[in-house]
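Here is the naming used below: chain letters follow the sequence lines, and residue numbers restart at 1 for every chain.
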Amino acid sequence: MRVNRLGLGCAAGLIALSTYMALDTFAISDSYQNDATMMNMALFDSSQEAEAEYESEADTERIVDSYDDGEKSVTIYEYRVYDTNVYVADVVLSSSEYLKSAFAEGTYGKNIKAATSQIAGENGAVLAINGDYYGARERGYVIRNGVLYRDSAAGSDVLCIYPDGKMEVVKDSDYTAQELVEKGVWQAFSFGPGLLENGEITVTTHEEVGRAMASNPRTAIGWVSDNHYLFVVSDGRTGDNDGLTLYELADFMKSLGAVTAYNMDGGGSSTMVFNGELINNPSAGGRHSRERSVSDIVYIG
Amino acid sequence: MTLYTSDRVKKSQNNEIIMRMLLVFAIAVFGMIYERFSHGVYSNYMIYAFFIPFVLSLMPAVIHRLTGRVRISDTAKTLWDCGVAFLTVGCIFRGVLDIYGTSNAKLVLYPIIGAGLILAAIISDVVSRIAVRKDGKE
């Protein structure tokens, strides 16, 4: 009888621990910073406005939509590559201060999530894509709108966007988050890997994100020239869309003329929203297209 | 009478081996099905989770059945099985988080508790053997 009690006690403990772990990982919200909407605009005091020109080297299949207010120009293209629909937002800005990021509910924390379209709507975004989903991981630099939120390295590539309209991919082992702030980084994302550097593909045909070894929906950001960016989102995981491997994504972005490119959170998270409308077909809902709630977005606004 | 008891023990051990084998098989199948629907995202923790009960639960039971002479106390056996359960569930949980693309530092609790229980099982068994020897001498 005593032994049974011991076994039952252990089983109860195991169930209790697993329930707590599941709730702690997926459900319990924890706000680290409630008002995380600050923008360090002082970074732009000395930066010069760049004159960007649109130069796409790839064959365009279809122009979906466009926007131009003199400061921000966005043109959405749809391509069909590798049996996959790929949506490209060609973004030309007068200043990278218009390339912003936002947290779900304006709060930096764990398990605080909202759909990309919802966060985009709350921030008046013209164009938005999902970010690096920092909230799903406990490490990785988070610098947003010039403000440092997380300084723990994850051993990953970090995408750095600067106020002068430049973009580079660095290793977090080479710089501390504070050093990146001192370098004047406007936005830093920790997902990766980097796809292109100096116009050359930096991933192998077998390289994948962590443990993803197949074609998937993807989200990526590319840099063509100062203040000229490419936001790329691909469909995938459906009968009509295979999705892209990292190498295919890198190759496609190279064909568009990107010099630097970086892979963001993909899979069910991959979402592009333009003027409040979903552009791609997010795969979070299985057979039915549905947006996944994410921690953060990158947007033009 | 001795033969009868021995047969009963062997039958009980056989049943135990079958139960443990089914458990290992169920965990392996669960891992395979989970991987099948994970959109190509794989986790070694999920794929090889079955290896923990295979090595720490099934193999000792088989060895015990084949050698058959060592008597292990029920308390030690229960603690050992609980330890294996914590290690296995922790491994599967890590696989789930890997495939989802997230992490949780508190996962380390599973191996700590699991290893603690296995250590407690070993200590418990050693203590009970010493007690049995003392009783025998007296």
Side-chain angles (χ1 to χ4, degrees), chain A residues 1-26 28 110-111 113 132-140 152 154 191 208-217 236-238 242-243 245 265-270 283-284 286 292 294-295, chain B residues 23 31 34-49 53 72-114 116-118 120-121 124-125 128:
Chain A
M1 194 63 187
R2 190 170 145 245
V3 172
N4 284 343
R5 276 186 193 161
L6 181 62
L8 285 172
C10 284
L14 182 57
I15 292 167
L17 177 64
S18 299
T19 306
Y20 168 73
M21 291 296 291
L23 290 172
D24 185 57
T25 308
F26 298 111
I28 299 169
K110 183 179 178 184
N111 284 323
K113 300 177 283 187
D132 65 2
Y133 207 152
Y134 74 89
R137 294 171 305 283
E138 295 169 315
R139 306 181 76 81
S152 55
F191 199 88
E208 282 304 333
V209 178
R211 298 149 190 96
M213 57 182 177
S215 298
N216 274 302
R237 295 181 180 172
T238 64
D242 289 349
T245 65
D265 183 25
S269 302
S270 286
S283 62
R292 174 186 285 172
V294 294
S295 304
Chain B
L23 189 72
Y34 205 94
E35 285 292 340
R36 174 72 183 79
F37 293 100
S38 65
H39 300 293
V41 183
Y42 72 95
S43 166
N44 284 334
Y45 288 94
M46 182 61 78
I47 295 168
Y48 299 113
I72 301 164
S73 75
D74 288 342
T75 304
K77 211 169 174 182
T78 305
L79 284 169
W80 182 277
D81 285 343
C82 288
V84 173
F86 267 88
L87 292 175
T88 308
V89 172
C91 193
I92 293 171
F93 208 100
R94 172 72 191 267
V96 170
L97 299 198
D98 277 355
I99 289 167
Y100 185 76
T102 187
S103 60
N104 190 327
K106 292 168 193 156
L107 270 181
V108 73
L109 284 172
Y110 285 101
I112 288 173
I113 296 172
L117 286 166
I118 284 174
S124 164
D125 194 54
S128 68

Measure up the B:Tyr110 and B:Phe86 rings against each other and bin them: parallel (under 30°), tilted (30 to 60°), perpendicular (over 60°).
tilted
Side chain proximity check, B:Met46 to B:Asp98, heavy atoms < 4.5 angstrom:
no
Looking only at A:Ala136, A:Gly243, A:Ala22, the option with the highest number of non-hydrogen pairs under 4.5 Å against chain B is A:Ala136
Considering only heavy atoms, which portion of A:Asp265 lies under 4.5 Å from any heavy atom of chain B: side chain, backbone, both, or neither?
neither
Region of B:Leu107 that comes under 4.5 Å of a non-hydrogen atom in chain A
both
Are B:Asp81 and B:Lys77 close enough for a salt bridge, meaning some N to O gap below 4.0 Å?
no
Would you mind telling me which of B:Thr78, B:Leu79, B:Ile72 makes a side-chain contact (heavy atoms from CB on, under 4.5 Å) with B:Thr75?
B:Leu79
